[in-house]
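Reviewing the structure listed below.
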There are 2 protein chains.
Amino acid sequence: MRIGELAARAGTTTRALRYYESRGLLPARRTGNGYRTYDDGDLKLLRQIMTLQDFGFDLEETRPFVECLRAGHPEGDSCPASLGVYRRKLAELDALIEQLTSVRAQVGAQLARAEAAVPGGPEPKCELGGHA
Amino acid sequence: MRIGELAARAGTTTRALRYYESRGLLPARRTGNGYRTYDDGDLKLLRQIMTLQDFGFDLEETRPFVECLRAGHPEGDSCPASLGVYRRKLAELDALIEQLTSVRAQVGAQLARAEAAVPGGPEPKCELGGHA
DNA sequence: TCTTGCCTTGACGTCGGCGTCAGGGCTTAC
DNA sequence: GTAAGCCCTGACGCCGACGTCAAGGCAAGA
């Protein structure tokens with residue numbers, strides 16, 4: 001299949017595919033007139049790339065998975081290098097989530113403090129009076 | 001004080017200060033020779049900007065806080081516009097944390113599955129045998 | 001006077017992952 | 001023959017928050 005069809009099938013753009021090729025991630029064969037040609041294997045590689053991208057992996061991080069598949073392994077994560085990327089990503093995610101959670105708490109505290117300092121604030125709880 | 005001193009006191013760079021000025025966020029007075037001049041009020045504004053930046057606010061989001069301070073309020077978040085930014089940021093953080101948590105779970109599951117499919121895997125639990 | 005160290009403006013570079021032309025070629029249908 | 005619809009290779013644009021020159025001015029000490 002040609003580039004347009006591959007892009008359509010995978011749900012991406014021809015521009016992205018050319019970009020991946022320029023990065024050496026998804027090279028293409030060429031027909032006589034210079035058109036790029038792809039097969040179902042390439043579609044599989046592309047899907048692997050896109051799945052990881054959705055997870056927030058950047059392109060370079062998808063490379064071990066793609067090379068693993070190209071080496072003939074059934075899954076992109078059948079190779080140690082891919083597992084290494086997974087582990088690094090998990091650590092990265094944990095650190096990021098922890099940081100964001102901390103920030104969230106601080107911003108929440110700031111908001112609460114600021115609201116409390118303002119007249120006609122955030123539905124003051126102290127006006128509740130039992131069941132009446 | 002001049003730009004270098006302000007930058008040093010706040011722990012940032014002169015380039016950043018000129019950038020903030022170019023965005024209209026932190027304008028400076030000028031001396032006869034064209035040098036920028038700042039006072040302690042500007043230092044306070046700058047600290048507000050930097051604190052929010054540390055929280056991951058982008059520059060535009062700090063603007064209401066800075067304008068609030070410049071309007072004479074004791075805190076940058078003494079104004080409704082600032083509270084609005086806080087709230088939007090909280091929602092944004094919640095969404096992001098949720099998404100990252102989901103991704104973390106999925107990546108973790110992928111790693112576990114991939115490790116299980118590999119020989120000499122991740123210290124198999126099944127070899128434990130009671131207290132002996 | 002000369003050096004040193006501050007300051008000025010202007011403008012290009014960075015990073016990632018493409019989007020979006022511009023200019024041109026092949027192929028097929030009409 | 002020509003229009004339509006695919007394809008090709010550059011190459012610049014974008015976004016945010018500055019970093020990093022380049023070329024030059026001003027002030028103060030030796």
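Since we're looking at a predicted model, the values are computed, not measured. Letters A, B, ... are given to chains in the order of the sequence lines, protein chains preceding strands, and every chain is numbered from 1.
Relative to the side chain of B/Arg15, the nucleotides D/dT9, D/dC7, D/dC18 differ in distance, and D/dC18 lies closest. Residue A/Asn33 places its side chain closer to C/dT27 than to any other of C/dT8, C/dG19, C/dT27. In this structure, of D/dC18, C/dC6, C/dG16, it is C/dC6 that holds the atom nearest to the side chain of B/Tyr35. Here C/dT9 is the nucleotide among C/dG17, D/dC8, C/dT9 with the atom lying nearest to any side-chain atom of B/Arg18. Taking every side-chain heavy atom of B/Gln53 into account, D/dA17 is the closest of C/dC18, D/dA17, D/dC8. The side chain of A/Arg30 has D/dT9 as its nearest neighbour among D/dT9, C/dG17, D/dC6. Nearest nucleotide to the A/Tyr19 side chain, out of D/dC18, C/dG16, C/dC7: C/dG16.
B/Leu26 places its CG atom 15 Å from the P atom of D/dA17, with the value rounded to the nearest Å. Rounded to an integer number of Å, the gap from A/Ile3 CD1 to C/dG25 P is 20 Å. One interatomic measurement links the two molecules: CE of B/Met1 to C1' of C/dC6, which rounds to 16 Å at whole-angstrom precision. Look at CD on A/Glu60: it is 13 Å from P on C/dC18, rounded to the nearest Å. Between the P atom of D/dG16 and the CZ atom of B/Arg63 lies a distance of 12 Å, rounded to the nearest Å. For the pair B/Leu17 CG and D/dA17 P, the interatomic distance rounds to 15 Å; values are reported in whole Å. Nucleotide D/dC7 holds its C1' atom 17 Å from the CZ atom of A/Arg29, rounded to whole Å. Whole-Å rounding puts the A/Ile49 CD1 to C/dG17 P distance at 11 Å.
For the pair B/Ser82 (side chain) and B/Gly76 (backbone), a donor-acceptor distance under 3.5 Å is present. Between the side chain of A/Glu61 and the main chain of A/Asp58, a donor-acceptor pair closer than 3.5 Å is present.
The side chain of A/Thr13 places no N or O atom within less than 4.0 Å of a non-bridging phosphate oxygen (OP1 or OP2) of C/dC18.
Judged by distance alone with a 3.5 Å cut-off, no donor-acceptor contact links the side chain of B/Arg36 to the base of C/dT8.
Of the two residues near DNA chain C, A/Thr12 and B/Thr14, the one whose nearest nucleotide lies more 5' is B/Thr14.
Counting heavy atoms from C-beta outward, A/Arg2 and A/Arg36 have side chains that stay 4.5 Å or more apart. The shortest distance between side-chain heavy atoms of B/Glu60 and B/Leu25 does not fall below 4.5 Å.
No side-chain donor from either of B/Ser102 and B/Glu98 sits under 3.5 Å from a side-chain acceptor of the other.
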